[in-house]
Amino acid sequence: MFRKGRNDPLELLRDHVIHHKQIKLRSKNTEHRLLFDNSIEFKCSTETAWKSKSGQEYTLGALWCFLDCHLQGLEQKNYRKKALDLNFEQVFKADNQDIIEYFTGKVDYTDCINADKKPLPQNKKSLQKDDDIEFASQKKVKPDQEKEPLTEKEFNLKVFDEILRFEKPITTRNRLFRVQDRTFDDILKTAQKIFQGQYVGVGGDEEELQQILGTRIQDVNKAKQLSSAKLSYSVLNEFIKSKEKPIIIVPQIAELGNVCLRNVQQFLEQGQYIDPNGLKFTNESRSVQIKVKLRLTDIEQQFIVLDTPNTITNWKRVVAVFLRGSTYELKQFPDQNPNQLFKNIRGYHMKFEEDKIKDLIKQWNVKVLDLHRSKRYQDIDVVNTFWEDLEAFLLRPAKLSQQ
């Protein structure tokens, strides 16, 4: 723990916070200073011995700005705005509790202070005058007091430390996309080439490609080869040869968190979930057509989605059904035994993540798809899960499905 002293900015800041003493911020152009008791002044850029969990050491201005906003009860977004306006580095969330507890006096000791950087104790004769503290770092060093020149390694480390000190960490998605002079176009194009198997590194080295991709492409190729072998005698191949379109049944009732004819096309084709209660469906045929490229077989397949099972004449075309979890739903199928029904038709139940699974759904052999209530960018993951699962179901042997 530091000795208390006027030459120690951390102890000075702590003393003023605990005893509610006045701290003034003085700004001139881009330079900011903190004035304690109208007598002691420190530059906000003064380095302190407080070490963050990420390894960097906070400046006096960074610590003061965070504490000042905390004591005023400001929200995190207001604190971030103030820190950006003053060009102070922001305190990481992981350090918040340690800083609050120490500087408000809840604890008297903390491991966050780097003992190697604490100021040396001074006697009364060597104490600087209050008026000179702000100029202490600017005093010229006599030639005989000059330090030994830094080695190349020490110099590089010091430069790196300076870069980290002024670097503003990217902590949110919004800040990531606000970074100036950054484009994601090249990254996107490279990623597309990688997953299409077209990317080869410098010099066309296939070994470098494997290092970049790991086993990803190898696993995908194996899965595609296996799927191609299964395709020839699968249920999906029967649809391809007969040119009949598989049928997916959805509920007639528009229910938030589930799909119906109002929002199913937007969801399964474009990967975006929309509340069905705010939409209208005017198609008199009570059906929609969905076209999708199946991933494992690279086949473009059309599906018919409808909500009127009583109009179906060939039930062998029905491959999937979205269920709400009610007993009356089974009455619309020729085979009302759920154990036998879900062997030939894949059942799905969609809900929000925090909603409980209904008891009947737990008893039936159906796949549960969880939606996030507000993060719509995660919808595409749910859609991909649905199509991958349905494709795997359609690749089962055709003879087996007839039993």
Side-chain angles (χ1 to χ4, degrees), residues 53 70 73-80 92-97 100 169-178 248-281 288 290 292 295 303 305-307 309 318-333 338-339 341-343 345-393:
K53 286 185 171 57
H70 170 72
L74 298 181
E75 294 182 359
Q76 188 72 12
K77 62 180 181 181
N78 295 327
Y79 157 64
R80 290 197 297 265
F92 291 106
K93 281 189 177 181
D95 300 318
N96 289 4
Q97 194 63 28
I100 292 169
I170 297 175
T171 55
T172 64
R173 287 185 293 115
N174 288 337
R175 181 175 296 176
L176 175 68
F177 288 105
R178 282 204 302 264
I248 299 172
I249 301 175
V250 295
Q252 289 184 349
I253 299 174
E255 183 179 30
L256 183 61
N258 206 344
V259 289
C260 63
L261 286 183
R262 298 180 185 182
N263 64 350
V264 68
Q265 190 163 20
Q266 184 86 2
F267 183 64
L268 294 183
E269 275 192 341
Q270 301 178 26
Q272 183 180 9
Y273 182 80
I274 300 176
D275 181 0
N277 294 305
L279 302 175
K280 291 183 179 180
F281 186 76
V288 294
I290 290 177
V292 64
R295 289 188 171 189
F303 292 81
V305 183
L306 53 80
D307 64 356
V318 180
V319 295
V321 56
F322 281 85
L323 301 158
R324 299 177 62 243
S326 303
T327 51
Y328 77 86
E329 289 180 287
L330 298 185
K331 295 179 181 180
Q332 60 190 346
F333 296 98
N339 295 327
L341 173 65
F342 296 122
K343 286 182 180 178
I345 299 175
R346 187 61 167 144
Y348 295 95
H349 175 68
M350 200 160 78
K351 66 177 187 63
F352 288 123
E353 288 177 340
E354 66 274 14
D355 293 343
K356 292 182 179 179
I357 301 176
K358 296 179 180 178
D359 292 335
L360 278 176
I361 296 297
K362 293 179 182 178
Q363 297 172 21
W364 297 342
N365 180 26
V366 301
K367 185 172 182 63
V368 177
L369 303 172
D370 285 326
L371 277 176
H372 196 284
R373 190 173 290 275
S374 58
K375 296 179 180 178
R376 296 278 63 85
Y377 62 88
Q378 292 184 3
D379 293 345
I380 189 64
D381 296 330
V382 181
V383 174
N384 288 338
T385 300
F386 166 77
W387 285 119
E388 287 171 8
D389 182 81
L390 183 58
E391 183 177 10
F393 183 74

(message) Rounded to the nearest 0.5 Å, what separates atom CG in Asn263 from atom CG in Asn277?
(response) 9.0 Å
(request) Would you mind listing every salt bridge (charged side-chain N to carboxylate O under 4.0 Å, His left out) that reaches into residues 319-328, with sequence neighbours excluded? (result) Glu255-Arg324
(request) Starting at CZ of Arg80, measure out to CG of Leu74 and round the result to the nearest 0.5 Å. (result) 12.5 Å
(request) Determine whether Asp379 and Leu371 make a side-chain contact, defined as any pair of heavy atoms from C-beta on separated by less than 4.5 Å. (result) yes
(request) Starting at CG of Asp381, measure out to CG of Asp370 and round the result to the nearest 0.5 Å. (result) 12.5 Å
(request) Output the distance between atom NZ (Lys356) and atom NZ (Lys358), rounded to the nearest 0.5 Å. (result) 13.5 Å
(message) Any side-chain to backbone donor/acceptor pair from Tyr273 onto Asn258? Under 3.5 Å, distance only.
(response) yes
(message) I'd like to know if the side chain of Arg346 and the backbone of Leu390 have a donor-acceptor N/O pair within less than 3.5 Å.
(response) no
(request) Spell out, as yes or no, whether a donor-acceptor pair under 3.5 Å connects the side chain of Glu329 to the backbone of Ser326. (result) yes
(message) Treating Glu353 as the side-chain partner and His372 as the backbone partner, does any N or O pair qualify as donor plus acceptor under 3.5 Å?
(response) no
(request) Would you mind reporting whether Val259 and Met350 have side-chain heavy atoms less than 4.5 Å apart? (result) yes
(request) Sort out for me which residue in Trp387, Phe322, Trp364 forms a ring pair (Phe, Tyr, Trp, His ring centres under 6.0 Å) with Tyr348. (result) Phe322
(request) May I have the step-by-step check of side-chain contact (heavy atoms from CB on, under 4.5 Å) for Val321 and Ile248, ending in yes or no? (result) CA-CA 6 Å; Val321 56; Ile248 299 172; over 6 Å; no
(request) Might you confirm whether atom CD of Glu75 has over 12 heavy atoms from other residues, nucleotides or ligands at distances under 6.0 Å? (result) no
(message) Using side-chain heavy atoms (C-beta onward) and a distance below 4.5 Å, is Val319 in contact with Phe303?
(response) yes
(request) Answer with yes or no after comparing the ring centroid distance for Phe333 and Phe342 against a 6.0 Å cut-off, counting only values under it. (result) no
(request) Specify the closest pair of heavy atoms between Pro309 and Gln332, including all atoms of both residues, with the distance to one decimal. (result) CG-OE1, 2.9 Å
(request) Supply the atom-to-atom distance Leu369 CG to Phe352 CZ, rounded to the nearest 0.5 angstrom. (result) 13.0 Å
(message) Ile357: which residues meet the side chain to side chain contact (heavy atoms under 4.5 Å, CB included) condition with it, sequence neighbours left out?
(response) Lys351, Ile361, Lys362, Val368
(request) Could you check if a side-chain atom of Val292 sits within less than 4.5 angstrom of a side-chain atom of Leu268, using non-hydrogen atoms only? (result) no
